[in-house]
Asker: 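Okay, here's the structure, questions in a sec.
None of these values were measured; they are calculated from a predicted model.
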Amino acid sequence: MLELERSVLRKKGNLGHINIIAGHVLTLYFVLPVFHRFELNLQQAFSQFLAARYGLDLPVVIEQPKQPEFGELAVPLAFQLARQLRQAPKKIAAELIEGIGSIDGVAAMEIAGNGYINIRLDRGAYGQALLRAEPETSAGAGGKIVVEHTNINPNKAAHIGHLRNAVLGDTFVRMLRSRGRNVEVQNYIDNTGVQVADVVAGFHFLERKTPSEVRELAARAEPRFDYVCWDLYARTAQHLNQNPDLGWRSETLHAIEAGHGELAEMGAVVAGAIVEHHLDTMLRLGIEYDVLPRESEILHLQFWAAAFEQLRHTGAVHLETQGKNAGCWVMPAAAFSAGSEVDDSKVIVRSNGTVTYVGKDIAYQLWKFGLLGKDFYYRPLRQYPDGHRVWQSTDQPQVEPAPAFGNAVRVYNVIDARQSYLQDVVVAGLKALGAVRQAEASIHFSYEMVALSPRCCADLGIELSEEDRRRPYIEVSGRKGLGVKADDLIDQLIATALREVDSRHPEDPEQTRRRVATQIAVGALRYFLLKFTRPTVIAFDFQEALSFEGETGPYVQYAAVRARSIGRKLEARGATLPDFANELTREALARQLQAEDFWQMLLAASKADSAIERAVAAGEPANVSRYAFTLAQAFNNFYHQYPILSETDREKKVFLLWMTDFFRAQLERVLGVLGIEVPEFM
RNA sequence: GGGCGCGUAGCUCAGUUGGAUAGAGCAUCUGCCUUCUAAGCAGAGGGUCGCAGGUUCGAGUCCUGCCGCGCCUACCA
């Protein structure tokens, strides 16, 4: 709720005319699950009757019929009971309706088909409930939920795959917050891992650069340091691939882990500079973080040592004395994978003494739940334009007090599906240490990769083998330098959007056009990444991603812009929005909502909270984007079919204005959850 | 070999956890800009829900077995 208010205020600040449209009241329609309330009423009435009449305690399933003719809700309870009572469903349905009598907010119940009970709501009552609903006040309720996302290796520019991660994570965070959950956003920085080591090795061994030379390179605006590293990483990886015995990687890795020497210094420079680039890139998409825990602190503050001690003590890991893993500390496969071979143990500490990523991740996961008995020190890393500060872990005590991070009751790790094996190992680690509850509250929020369509590869000038050309998609690879850089894509989207804006609004100042084009580009990109459900591989295609028509972000934005423009037009004609609550009585609403069209539209628009809550439960942001699209479709339809400002009947005009304002509020709210802004014009 | 995921319209994808006549976007075709913005609206064609069994009042959805595709199965992440 707090977050919502902040975002509303921010928009108010940016776009002055909202103030004018909303006029005397900035009506807060959101956070009121009115539909859900009616649903609960119904459920309760049925449950009570079941208990009283049959002595049954059954969960009462309530459906929303696909066919609007069947009413707003349907109860297939009679089918359930038919088995137990050994009676025809139709007969039971009749008995239920007869016995329950009238329910608050329900206009009629009728038997349909073989024994469905169809429910028709009292439209006037429903409309009035929407009109008068008070905002909920459950701000940040419940224990803290940690969502970890983005998590890009700080050794090169971000690409589209990283964007899917960040946008999914950020949207899920917005979904949770909009439903009143207390959320902390973490972005883990693997600054001591192999990927950073490879770039450092590239600078040191391949390019013979000193730390200060690298620092100077990182400070330059052009060429962009993250792009420089993108190329160098690919070159170094290739070189190491061809000369595997050089020992560069392990020497660099050791030095970085130890934290001193030239290689370590260079590692800090590279990781530090790249993290800043990543924060910049993500901020372009409206993505912010609360805290950046770094792997170097996991090591230097002995997090790993503490976790390792626990793991060794409980026998979760043991020192392998023979076989291919001789000399390594391993976790036996049986701990994390069902039908596995004995040989599949996971190495946690390598034979050269360095820790694998998973090992450090176990320590990190323990910390997230407050199970490690240790904490980081923190320093503010940057302040976002909205005033929010992001903190970064550090290994030295600081003067300035930091917020309390960690201590979550539930943790979502947004990590791609390829790493589910490693996530299983982390959870197994927690279980082995006896943290069963926390293991169960560790959720791998997995999603499939973003790959490139063969056509996309052709667009990028990437040569494909005969075999690859026949594949549905080609996997991106940072090692091969194969992929679409995030900022390049965003730039391209803005350029495309700007051409459209320029052709439509040549009279507006350039700065405004550019801002609108950016909002549209971000809307298109975020929506594109969200419209696919998590287990679907996205075969990235420029043509699809650059589209602003049909099921896209700009389509939804356009609907919201249209809804706002009605208010602006009204204002331009010297009128203000009516006092809806006063003018629209229950009777007036009932009269207007007799029109099936209006009723269906209002109903659809009123289900935003249900849709978001359902999406939270399903862990599926795509459900929200789909709802947003449906809502926009309904409004565009409404907008096209009913002239609002020229309506001569007073009651109807007020009603139409209210519908428009309600749609506007719901569209803005849902777009806010998707992290998509509403441009001032389109 | 084992684990996970996927297979639905020409293409890309949804399908509210087992419900009523399987949906949307794109593409194709036909209409609608002198009306609150056409980034829009209305309409048409397009389906053996991979295949075969099973469970039950009822299956795209659940169970089994096949077929096809992808990812994982590193002392990378």
Side-chain angles (χ1 to χ4, degrees), chain A residues 61 63-67 70 74 76 79 82-83 88-89 112-116 118 151 153 190 193-195 197-198 237 249-250 324-325 327-330 333 337-341 344 346-352 354 356-358 361 415-422 424 446 448-449 451 453 471-473 475 478-479 497 500-501 504-505 520 524 531-533 535-539 541 543-544 547-552 554-555 557-559 561-563 565-570 610-611 614-615 617-618 622-623 626-627 629-630 633 636-637 639-646 660 681-682:
Chain A
V61 177
E63 295 171 1
Q64 295 172 38
K66 285 173 189 159
Q67 259 62 38
F70 295 141
F79 297 111
R83 209 166 304 161
N114 245 348
Y116 267 98
N118 289 340
N151 236 11
N153 278 299
D190 182 2
V194 173
Q195 296 214 23
D198 278 6
R249 184 176 282 158
S250 71
K324 59 172 185 173
N325 293 335
C328 301
W329 288 86
V330 303
S337 135
S340 59
E341 308 278 322
D344 291 343
K346 178 62 199 172
V347 171
I348 306 296
V349 181
R350 303 181 185 102
S351 57
N352 68 6
T354 56
T356 60
Y357 174 83
V358 199
D361 211 15
I415 303 176
D416 80 76
R418 287 172 293 192
Q419 297 190 47
S420 55
Y421 163 74
L422 295 178
D424 289 345
S446 79
E448 269 294 348
M449 62 183 157
S453 71
R471 290 171 184 271
Y473 48 78
E475 200 173 342
R479 271 168 199 231
E500 297 289 329
V501 173
R504 284 159 220 250
H505 303 277
I520 291 169
K531 70 194 276 195
F532 302 92
T533 52
T536 301
V537 177
I538 299 181
D541 187 287
Q543 200 169 309
E544 273 182 63
S547 168
F548 300 148
E549 288 164 23
E551 196 193 338
T552 65
Y555 176 93
Q557 289 174 310
Y558 188 60
V561 166
R562 282 174 142 187
S565 78
I566 299 273
R568 197 163 34 197
K569 268 275 166 19
L570 186 77
S610 311
R614 211 190 289 268
N623 293 161
R626 186 153 285 270
Y627 173 78
F629 175 65
T630 310
Q633 256 183 334
N636 274 332
N637 194 304
Y639 178 91
H640 182 261
Q641 213 172 334
Y642 303 98
I644 298 158
L645 297 178
S646 55
T660 305
F681 58 77
M682 276 183 82

Asker: Name the nucleic acid region contacted by A/T536, choosing base, sugar-phosphate or nothing; use a 4.0 angstrom heavy-atom cut-off, strictly under.
Answerer: sugar-phosphate
Asker: Assign A/D190 to base, sugar-phosphate, or nothing according to its heavy-atom contacts below 4.0 angstrom with the strands shown.
Answerer: sugar-phosphate
Asker: What's the closest nucleotide to the A/N637 side chain, out of B/rA77, B/rG15, B/rA42?
Answerer: B/rA42
Asker: Atom CG of A/L570 and atom P of B/rU35: how far apart are they, to the nearest Å?
Answerer: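 That distance rounds to 19 Å.
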Asker: Which nucleotide, if any, forms a Watson-Crick or G-U wobble pair with B/rU17, using both distances under 3.5 Å?
Answerer: none
Asker: Any heavy-atom pair between the side chains of A/F681 and A/V501 that's under 4.5 Å?
Answerer: yes
Asker: Of all the nucleotides listed (B/rG40, B/rC36, B/rA39), which has the minimum atom distance to the side chain of A/I566?
Answerer: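 Taking heavy atoms from C-beta onward, the closest nucleotide is B/rC36.
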Asker: Classify A/D416 by what it touches in the nucleic acid, base, sugar-phosphate, or nothing, heavy-atom distance under 4.0 Å.
Answerer: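 No contact at all - A/D416 keeps every heavy atom at 4.0 Å or more from the nucleic acid.
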Asker: Where does B/rC33 land, syn or anti, given syn is within 90° of 0?
Answerer: syn
Asker: Looking at every strand, decide which applies to A/R504 at a 4.0 Å heavy-atom threshold: base, sugar-phosphate, or nothing.
Answerer: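 Base contact.
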Asker: Looking at every strand, decide which applies to A/Q641 at a 4.0 Å heavy-atom threshold: base, sugar-phosphate, or nothing.
Answerer: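 Nothing: the residue A/Q641, judged by heavy atoms under 4.0 Å, touches no strand.
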Asker: If we take the P atom in both B/rA9 and B/rG1, what is their distance in whole Å?
Answerer: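 Those two atoms are separated by 29 Å.
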Asker: Can you name the closest pair of heavy atoms from A/S351 and A/C328 and give their distance?
Answerer: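 Looking at all heavy atoms of both residues, the closest pair is N-SG, 3.5 Å.
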Asker: Between A/R418 and A/E475, is there a side-chain N and carboxylate O pair less than 4.0 Å apart?
Answerer: yes
Asker: What is the nucleic acid contact for A/V561, judged by heavy atoms within less than 4.0 Å: base, sugar-phosphate only, or nothing?
Answerer: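 Base contact - A/V561 has a heavy atom under 4.0 Å of at least one base atom.
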Asker: Work out how far the C1' atom of B/rU55 is from that of B/rG18, and round it to whole angstrom.
Answerer: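 Their C1' atoms lie roughly 11 Å apart.
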Asker: For the side chain of A/S351 and the base of B/rC75, is some donor closer than 3.5 Å to an acceptor across the two?
Answerer: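 Result: at least one qualifying N/O pair found.
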Asker: Going by distance alone, is a donor N or O of one side chain under 3.5 Å from an acceptor N or O of the other, for A/Y555 and A/N636?
Answerer: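 A/N636 and A/Y555 do have a side-chain donor-acceptor pair below 3.5 Å.
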Asker: Using purine N1 to pyrimidine N3 plus N6-O4 or O6-N4 for Watson-Crick, or N1-O2 and O6-N3 for G-U wobble, each under 3.5 Å, what pairs with B/rC62?
Answerer: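 B/rC62 is paired, partner B/rG54.
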Asker: Measure OH/A/Y421 against P/B/rC71 and give the value in whole Å, please.
Answerer: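 After rounding, the gap between these two atoms is 18 Å.
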Asker: So what does A/Y639 hit on the nucleic acid, given a heavy-atom distance under 4.0 Å: a base, only sugar-phosphate, or nothing?
Answerer: base
Asker: Please classify the glycosidic conformation of B/rU17 as syn (within 90° of 0) or anti (everything else).
Answerer: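 Nucleotide B/rU17 adopts syn.
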Asker: Less than 4.0 angstrom between a side-chain N/O of A/S565 and OP1 or OP2 of B/rU37, yes or no?
Answerer: yes
Asker: Rounding to an integer number of Å, can you tell me how far A/K531 NZ sits from B/rG23 C1'?
Answerer: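 The answer, rounded to whole Å, is 15 Å.
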Asker: Could you let me know what B/rG68 is paired to, Watson-Crick or G-U wobble, both distances under 3.5 Å, or none if it's on its own?
Answerer: B/rC6
Asker: Take the protein atom CD of A/E551 and the nucleotide atom P of B/rA14, then report the distance between them rounded to whole Å.
Answerer: 10 Å
Asker: Does A/R626 offer a backbone N or O that forms a donor-acceptor pair with the side chain of A/T630 under 3.5 Å?
Answerer: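 Side chain of A/T630 to backbone of A/R626: a pair is present.
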Asker: Side-chain N or O of A/K346 less than 4.0 angstrom from OP1 or OP2 on B/rC75?
Answerer: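 Result: no.
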Asker: Select from A/I520 and A/Y473 the residue whose nearest nucleotide in RNA chain B is closer to the 5' end of that strand.
Answerer: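 Final value for this comparison: A/I520.
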Asker: So which one's nearest nucleotide on RNA chain B is more toward 5', A/P643 or A/A539?
Answerer: A/A539
Asker: Do A/I538 and A/E448 come within less than 4.5 Å of each other through their side chains, counting heavy atoms only?
Answerer: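 They are not in side-chain contact.
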Asker: Expressed in angstrom and rounded to an integer, what is the separation of A/I538 atom CD1 from B/rC26 atom P?
Answerer: 18 Å
Asker: Output the single nucleotide from B/rC41, B/rU37, B/rC71 whose closest atom is nearest the side chain of A/R562.
Answerer: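 It is B/rU37.
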Asker: Picking from B/rG5, B/rC36, B/rU37, which would you name as closest to the side chain of A/P535?
Answerer: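 Among B/rG5, B/rC36, B/rU37, the one nearest the side chain of A/P535 is B/rG5.
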Asker: Round to a whole Å and report the spacing from CZ of A/F532 to P of B/rG5.
Answerer: 21 Å
Asker: Does any N or O donor sit under 3.5 Å from an N or O acceptor when you compare the side chain of A/N325 with the base of B/rA74?
Answerer: no
Asker: Please examine the side chains of A/L645 and A/K569, heavy atoms only from C-beta on, and report whether any two atoms are closer than 4.5 Å.
Answerer: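 Yes. Closest side-chain heavy atoms under 4.5 Å.
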Asker: B/rU12 pairs with which nucleotide, Watson-Crick or G-U wobble, both distances below 3.5 Å?
Answerer: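 Partner of B/rU12: B/rA24.
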Asker: For A/Q195, which contact category applies under a 4.0 Å heavy-atom criterion: base, sugar-phosphate, or nothing?
Answerer: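 Nothing: the residue A/Q195, judged by heavy atoms under 4.0 Å, touches no strand.
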Asker: Out of B/rA74, B/rG15, B/rA38, which nucleotide sits closest to the side chain of A/N623?
Answerer: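 Nucleotide nearest to A/N623's side chain: B/rG15.
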Asker: Hey, does A/M682 have a side-chain heavy atom less than 4.5 Å from the side chain of A/I520?
Answerer: yes
Asker: For B/rA42, which nucleotide is its Watson-Crick or G-U wobble mate, given both distances must be under 3.5 Å?
Answerer: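 Result: B/rU30.
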Asker: Check the distance between B/rG25's P and A/R626's CZ and give it to me in whole angstrom.
Answerer: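 Atom CZ in A/R626 sits about 10 Å away from atom P in B/rG25.
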Asker: Would you classify A/Q633 as touching base, sugar-phosphate or nothing, given that sugar-phosphate means primed atoms plus P, OP1 and OP2, and contacts are heavy atoms under 4.0 Å?
Answerer: sugar-phosphate
Asker: Flag as yes if A/Y555 stacks onto the base of B/rA39 (centroids under 5.5 Å, planes under 30°), otherwise no.
Answerer: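 A/Y555 ring does not meet the centre or angle cut-off for B/rA39; no stack.
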Asker: Would you indicate what A/Y558 reaches in the nucleic acid, counting non-hydrogen atoms under 4.0 angstrom: base, sugar-phosphate, or nothing?
Answerer: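 Base, at least one base heavy atom under 4.0 Å.
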Asker: What contact category does A/Y627 fall into here, base, sugar-phosphate, or nothing, at under 4.0 angstrom with non-hydrogen atoms?
Answerer: nothing
Asker: Which nucleotide wins on minimum distance to the side chain of A/R614, given the candidates B/rU17, B/rA39, B/rC72?
Answerer: B/rU17
Asker: Regarding A/N118, tell me which of base, sugar-phosphate or nothing describes its non-hydrogen contacts under 4.0 Å with the strands shown.
Answerer: base
Asker: So A/K346 and A/L422, do their side chains get closer than 4.5 Å, heavy atoms only?
Answerer: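 The answer is yes; the side chains approach within 4.5 Å.
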Asker: Send over the distance from A/F548 CZ to B/rU37 C1', rounded to a whole Å.
Answerer: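 Value for this atom pair: 17 Å.
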